[in-house]
Amino acid sequence: NVYVGFQGEDGIEWGLPLRDAAFDMQGDVYVVPVVVDLGGGSWYTAAAKLRLEGDGAGSSYSLVQLLDDRSLLHDDQTTLQLQEVEVDLNGHVYVLNCHCDNKCDLLWKYDGSGPPGALLQRRLDLQDMGIWAPVGLCVSTYDGSRLYLSTSVNQPDANSTTVYVLSTDDLGLRHEIRLQNMGHVVDITENPIDGTICVVGYRMEQIPSRSELQDGSTVPRFIRACFATIPYGSTAPNGSTELIDTVCLSDPVSAPEHDLALPVGVISTGGTGGTGDTD
(Lines give C-alpha, C1' and ligand atoms only; values in the text may rest on other atoms or scores of the structure.)
Protein backbone atom coordinates (compact mmCIF):
# COMPACT_ATOMS: atom_id res chain seq x y z
CA ASN A 1 0.00 0.00 0.00
CA VAL A 2 1.17 3.50 -0.82
CA TYR A 3 -0.12 6.39 1.28
CA VAL A 4 -0.02 9.95 -0.09
CA GLY A 5 -0.35 12.63 2.58
CA PHE A 6 -2.27 12.15 5.81
CA GLN A 7 -4.83 9.35 6.09
CA GLY A 8 -7.58 8.60 8.61
CA GLU A 9 -10.29 10.49 10.44
CA ASP A 10 -11.73 11.22 13.89
CA GLY A 11 -8.34 12.33 15.19
CA ILE A 12 -6.63 9.07 14.25
CA GLU A 13 -4.25 9.88 11.42
CA TRP A 14 -1.13 8.43 9.91
CA GLY A 15 1.14 9.13 6.98
CA LEU A 16 3.38 12.11 6.24
CA PRO A 17 2.64 15.60 4.92
CA LEU A 18 3.73 16.28 1.35
CA ARG A 19 6.74 18.59 1.25
CA ASP A 20 7.11 19.24 -2.46
CA ALA A 21 5.58 18.58 -5.88
CA ALA A 22 6.70 19.08 -9.49
CA PHE A 23 5.01 18.60 -12.86
CA ASP A 24 6.55 17.14 -16.00
CA MET A 25 5.84 18.17 -19.59
CA GLN A 26 3.00 15.62 -19.86
CA GLY A 27 1.18 16.97 -16.84
CA ASP A 28 2.04 14.12 -14.47
CA VAL A 29 3.00 15.20 -10.97
CA TYR A 30 5.83 13.97 -8.76
CA VAL A 31 5.45 14.27 -4.99
CA VAL A 32 7.61 13.67 -1.90
CA PRO A 33 7.35 11.91 0.40
CA VAL A 34 4.90 9.02 0.16
CA VAL A 35 4.78 6.14 2.63
CA VAL A 36 5.17 2.63 1.20
CA ASP A 37 3.67 0.07 3.60
CA LEU A 38 5.20 -3.38 3.13
CA GLY A 39 3.05 -5.00 5.81
CA GLY A 40 4.08 -6.42 9.14
CA GLY A 41 5.08 -3.03 10.46
CA SER A 42 7.71 -2.52 7.74
CA TRP A 43 7.61 0.68 5.67
CA TYR A 44 9.78 3.24 3.92
CA THR A 45 9.41 6.57 2.13
CA ALA A 46 9.79 7.31 -1.56
CA ALA A 47 8.93 9.76 -4.31
CA ALA A 48 5.88 8.96 -6.43
CA LYS A 49 4.66 9.78 -9.92
CA LEU A 50 0.90 10.45 -10.01
CA ARG A 51 -1.45 10.96 -12.94
CA LEU A 52 -4.82 12.71 -12.97
CA GLU A 53 -7.53 10.38 -14.26
CA GLY A 54 -10.79 11.86 -15.54
CA ASP A 55 -11.90 15.44 -15.20
CA GLY A 56 -14.39 17.40 -13.19
CA ALA A 57 -15.79 16.26 -9.86
CA GLY A 58 -15.05 12.58 -10.54
CA SER A 59 -11.33 13.01 -11.22
CA SER A 60 -8.68 11.43 -9.03
CA TYR A 61 -4.96 10.73 -9.06
CA SER A 62 -3.58 7.26 -9.73
CA LEU A 63 -0.14 5.97 -8.83
CA VAL A 64 2.02 5.51 -11.93
CA GLN A 65 5.48 4.81 -10.50
CA LEU A 66 7.52 4.79 -7.31
CA LEU A 67 11.00 6.31 -7.34
CA ASP A 68 13.02 4.91 -4.50
CA ASP A 69 16.49 3.65 -3.61
CA ARG A 70 16.63 0.69 -1.26
CA SER A 71 20.29 -0.10 -1.97
CA LEU A 72 21.88 2.53 0.26
CA LEU A 73 25.53 2.02 1.10
CA HIS A 74 25.20 2.04 4.89
CA ASP A 75 22.69 0.28 7.11
CA ASP A 76 22.19 3.41 9.20
CA GLN A 77 21.33 5.65 6.25
CA THR A 78 17.75 6.86 6.12
CA THR A 79 15.53 8.40 3.46
CA LEU A 80 12.92 9.65 5.92
CA GLN A 81 13.73 13.30 5.14
CA LEU A 82 12.81 13.53 1.47
CA GLN A 83 12.34 17.28 1.07
CA GLU A 84 12.33 18.39 -2.57
CA VAL A 85 11.65 17.12 -6.09
CA GLU A 86 12.37 18.71 -9.49
CA VAL A 87 11.82 17.60 -13.10
CA ASP A 88 13.88 18.74 -16.08
CA LEU A 89 12.69 19.16 -19.67
CA ASN A 90 13.96 15.68 -20.59
CA GLY A 91 11.83 13.95 -17.96
CA HIS A 92 14.66 13.32 -15.49
CA VAL A 93 13.57 13.58 -11.87
CA TYR A 94 15.79 14.86 -9.05
CA VAL A 95 14.96 14.02 -5.44
CA LEU A 96 16.66 15.60 -2.42
CA ASN A 97 17.02 14.08 1.05
CA CYS A 98 18.09 16.42 3.88
CA HIS A 99 19.48 14.61 6.92
CA CYS A 100 22.93 15.52 8.28
CA ASP A 101 23.46 12.38 10.36
CA ASN A 102 24.99 9.20 8.91
CA LYS A 103 25.79 10.76 5.53
CA CYS A 104 22.14 11.03 4.54
CA ASP A 105 22.32 14.30 2.61
CA LEU A 106 21.57 12.65 -0.72
CA LEU A 107 20.59 13.67 -4.25
CA TRP A 108 19.12 11.17 -6.73
CA LYS A 109 18.58 11.41 -10.46
CA TYR A 110 15.87 9.18 -11.96
CA ASP A 111 14.58 8.53 -15.44
CA GLY A 112 10.91 9.39 -14.94
CA SER A 113 9.81 7.47 -18.03
CA GLY A 114 12.13 4.49 -17.88
CA PRO A 115 11.39 0.88 -16.87
CA PRO A 116 11.29 0.22 -13.11
CA GLY A 117 14.65 -1.55 -13.02
CA ALA A 118 16.43 1.34 -14.75
CA LEU A 119 14.81 4.36 -13.09
CA LEU A 120 17.74 5.24 -10.82
CA GLN A 121 20.56 6.79 -12.85
CA ARG A 122 22.77 8.46 -10.26
CA ARG A 123 23.06 8.94 -6.51
CA LEU A 124 25.22 11.65 -4.97
CA ASP A 125 26.39 11.93 -1.36
CA LEU A 126 26.36 15.71 -1.04
CA GLN A 127 28.54 15.73 2.05
CA ASP A 128 31.42 14.47 -0.11
CA MET A 129 31.17 17.91 -1.81
CA GLY A 130 30.97 19.72 1.51
CA ILE A 131 27.22 20.35 1.15
CA TRP A 132 25.40 19.66 4.42
CA ALA A 133 21.62 19.82 4.99
CA PRO A 134 20.85 20.83 1.37
CA VAL A 135 18.07 23.29 0.58
CA GLY A 136 16.63 25.13 -2.43
CA LEU A 137 16.92 22.51 -5.17
CA CYS A 138 16.28 24.19 -8.54
CA VAL A 139 16.74 22.54 -11.95
CA SER A 140 17.16 24.99 -14.80
CA THR A 141 14.72 24.91 -17.69
CA TYR A 142 16.61 27.70 -19.48
CA ASP A 143 19.85 25.71 -19.50
CA GLY A 144 19.07 22.04 -18.95
CA SER A 145 22.66 21.24 -18.00
CA ARG A 146 22.48 22.97 -14.61
CA LEU A 147 20.91 22.50 -11.22
CA TYR A 148 21.29 24.72 -8.20
CA LEU A 149 21.12 24.12 -4.46
CA SER A 150 22.50 25.50 -1.22
CA THR A 151 23.19 24.42 2.34
CA SER A 152 21.18 25.19 5.46
CA VAL A 153 24.20 24.69 7.74
CA ASN A 154 25.91 27.98 8.57
CA GLN A 155 26.85 30.08 11.57
CA PRO A 156 23.74 31.81 13.00
CA ASP A 157 25.17 35.30 12.42
CA ALA A 158 26.83 34.47 9.10
CA ASN A 159 26.84 37.28 6.50
CA SER A 160 27.55 35.11 3.46
CA THR A 161 26.53 31.73 2.12
CA THR A 162 27.06 29.59 -0.97
CA VAL A 163 24.93 28.42 -3.90
CA TYR A 164 26.32 25.35 -5.66
CA VAL A 165 25.94 24.80 -9.42
CA LEU A 166 25.89 21.11 -10.38
CA SER A 167 25.78 19.34 -13.72
CA THR A 168 22.51 17.56 -14.46
CA ASP A 169 24.50 15.03 -16.47
CA ASP A 170 26.74 13.51 -13.80
CA LEU A 171 25.76 15.64 -10.73
CA GLY A 172 29.34 16.93 -10.62
CA LEU A 173 30.18 20.35 -9.19
CA ARG A 174 30.59 23.03 -11.88
CA HIS A 175 31.28 26.05 -9.70
CA GLU A 176 30.17 27.92 -6.58
CA ILE A 177 28.43 31.26 -6.14
CA ARG A 178 29.09 33.15 -2.92
CA LEU A 179 26.19 35.35 -1.79
CA GLN A 180 27.37 38.30 0.28
CA ASN A 181 25.15 39.82 2.98
CA MET A 182 22.92 36.72 3.09
CA GLY A 183 23.61 34.19 5.82
CA HIS A 184 20.96 31.54 5.14
CA VAL A 185 19.19 30.41 1.96
CA VAL A 186 15.49 29.54 2.13
CA ASP A 187 14.59 28.88 -1.50
CA ILE A 188 15.87 29.14 -5.08
CA THR A 189 13.94 29.57 -8.32
CA GLU A 190 14.64 30.48 -11.94
CA ASN A 191 13.17 32.98 -14.35
CA PRO A 192 12.73 30.59 -17.30
CA ILE A 193 12.66 33.45 -19.81
CA ASP A 194 16.28 34.58 -19.35
CA GLY A 195 17.79 32.01 -16.96
CA THR A 196 18.21 34.43 -14.05
CA ILE A 197 18.43 32.59 -10.73
CA CYS A 198 16.56 34.17 -7.81
CA VAL A 199 17.51 33.35 -4.24
CA VAL A 200 15.59 34.33 -1.12
CA GLY A 201 16.97 34.01 2.39
CA TYR A 202 17.89 36.03 5.46
CA ARG A 203 20.64 37.08 7.79
CA MET A 204 20.54 37.51 11.55
CA GLU A 205 22.11 40.54 13.21
CA GLN A 206 22.57 41.20 16.90
CA ILE A 207 20.89 37.97 17.94
CA PRO A 208 19.27 38.45 21.36
CA SER A 209 20.46 36.37 24.28
CA ARG A 210 18.31 33.77 25.97
CA SER A 211 17.77 36.07 28.95
CA GLU A 212 16.60 38.91 26.69
CA LEU A 213 14.06 36.61 25.08
CA GLN A 214 12.80 35.27 28.42
CA ASP A 215 12.49 38.46 30.46
CA GLY A 216 9.67 39.85 28.31
CA SER A 217 11.55 42.90 27.13
CA THR A 218 11.02 44.25 23.64
CA VAL A 219 13.53 42.70 21.27
CA PRO A 220 14.36 44.62 18.09
CA ARG A 221 13.94 42.73 14.84
CA PHE A 222 17.14 40.81 14.19
CA ILE A 223 16.14 38.81 11.10
CA ARG A 224 16.65 40.61 7.80
CA ALA A 225 15.06 39.13 4.68
CA CYS A 226 17.45 39.04 1.72
CA PHE A 227 17.12 38.58 -2.03
CA ALA A 228 19.72 37.90 -4.71
CA THR A 229 19.61 37.58 -8.49
CA ILE A 230 22.26 35.64 -10.38
CA PRO A 231 22.25 36.57 -14.08
CA TYR A 232 22.69 33.74 -16.55
CA GLY A 233 26.10 33.87 -18.19
CA SER A 234 27.91 35.34 -15.19
CA THR A 235 29.60 32.02 -14.60
CA ALA A 236 32.96 31.38 -13.01
CA PRO A 237 35.45 28.82 -14.33
CA ASN A 238 35.13 25.26 -13.06
CA GLY A 239 35.86 24.98 -9.37
CA SER A 240 36.13 28.73 -8.76
CA THR A 241 33.80 31.01 -6.82
CA GLU A 242 31.68 33.85 -8.15
CA LEU A 243 30.68 36.69 -5.80
CA ILE A 244 27.15 38.11 -5.88
CA ASP A 245 25.81 40.84 -3.61
CA THR A 246 22.30 40.65 -2.14
CA VAL A 247 19.54 43.14 -1.41
CA CYS A 248 17.93 43.48 2.01
CA LEU A 249 14.13 43.37 1.81
CA SER A 250 13.40 44.45 5.38
CA ASP A 251 15.84 47.22 6.17
CA PRO A 252 13.98 50.34 7.35
CA VAL A 253 16.65 52.52 5.71
CA SER A 254 17.49 50.85 2.41
CA ALA A 255 14.12 49.13 1.83
CA PRO A 256 11.44 51.05 3.78
CA GLU A 257 8.72 49.95 1.36
CA HIS A 258 9.08 46.31 2.44
CA ASP A 259 8.05 44.72 5.70
CA LEU A 260 9.11 41.15 5.01
CA ALA A 261 10.29 39.35 8.14
CA LEU A 262 11.14 35.69 7.48
CA PRO A 263 10.69 34.55 3.85
CA VAL A 264 9.51 30.98 3.29
CA GLY A 265 9.77 30.60 -0.50
CA VAL A 266 10.16 32.21 -3.90
CA ILE A 267 8.46 31.49 -7.23
CA SER A 268 8.84 33.00 -10.69
CA THR A 269 5.55 33.90 -12.35
CA GLY A 270 7.08 34.03 -15.83
CA GLY A 271 6.13 37.62 -16.54
CA THR A 272 5.42 39.18 -19.92
CA GLY A 273 7.43 40.93 -22.54
CA GLY A 274 10.52 38.82 -21.94
CA THR A 275 11.29 40.20 -18.50
CA GLY A 276 9.76 37.86 -15.96
CA ASP A 277 8.51 38.62 -12.48
CA THR A 278 9.43 37.05 -9.16
CA ASP A 279 7.23 37.03 -6.05
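Just so it is clear, the values below take in all heavy atoms, side chains as well, and ignore hydrogens, waters and symmetry mates. Along the sequence shown, the residues carry numbers beginning at 1.
For Trp132, the side chain to side chain contact (heavy atoms under 4.5 Å, CB included) criterion is met by Cys100, Asp105, Gln127, Thr151, Val153, not counting sequence neighbours. Arg51 is linked by a side chain to side chain contact (heavy atoms under 4.5 Å, CB included) to Asp28, Lys49, Glu53, Ser62, Val64, counting only residues two or more places apart in sequence or in another chain. With sequence neighbours excluded, the residues satisfying side chain to side chain contact (heavy atoms under 4.5 Å, CB included) with Leu18 are Val4, Val31. Here His184 pairs with Tyr202 under the ring pair (Phe, Tyr, Trp, His ring centres under 6.0 Å) rule; sequence neighbours left out. Every side chain to side chain contact (heavy atoms under 4.5 Å, CB included) that Met25 has, sequence neighbours left out, goes to Leu89.
In the hydrophobic clustering of this structure, Val87 groups with Leu106; members are Ile, Leu, Val, Met, Phe, Trp, Tyr whose side-chain heavy atoms approach within less than 4.5 Å, directly or through other members.
Side-chain contact between Tyr3 and Trp14 is present, with heavy atoms from C-beta onward closer than 4.5 Å.
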Identify every side-chain donor-acceptor pair in residues 134-141 under 3.5 Å, counting partners at least two apart or on other chains, and give the distances.
unit_1	atom_1	unit_2	atom_2	d
Ser140	OG	Tyr142	N	3.2
Ser140	OG	Asp143	N	2.8
Ser140	OG	Asp143	O	3.1
Ser140	OG	Glu190	OE2	2.5
Thr141	OG1	Glu190	OE1	3.2

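Between the Asn97 side chain and the Leu82 main chain, a donor and an acceptor come within less than 3.5 Å of each other. No donor-acceptor distance shorter than 3.5 angstrom exists from the side chain of Arg146 to the backbone of Ser167, with no hydrogens or angles considered. At least one donor-acceptor pair closer than 3.5 Å links the side chain of Asp187 to the backbone N or O of Val266. In this structure, the side chain of Asp157 does not engage the main chain of Glu205 through any donor-acceptor pair within 3.5 Å. Looking only at distances, a side-chain donor or acceptor of Asp170 sits under 3.5 Å from a matching main-chain atom of Gly172. In this structure, Asn154 contributes its side chain and Ser160 its backbone to a donor-acceptor pair below 3.5 Å.
Counting non-hydrogen atoms of other residues, nucleotides and ligands closer than 6.0 Å to CD of Gln155 gives a total of 12 or fewer.
Side chains of Tyr232 and Asp194: a donor-acceptor N/O pair is absent below 3.5 angstrom, by distance only.
One distance of note links CG of Asn181 with CZ of Arg203; it measures 5.5 Å at 0.5 Å rounding.
When each of Val185, Thr246, Ile177 is checked for a side chain to side chain contact (heavy atoms under 4.5 Å, CB included) with Thr161, only Val185 meets the rule.
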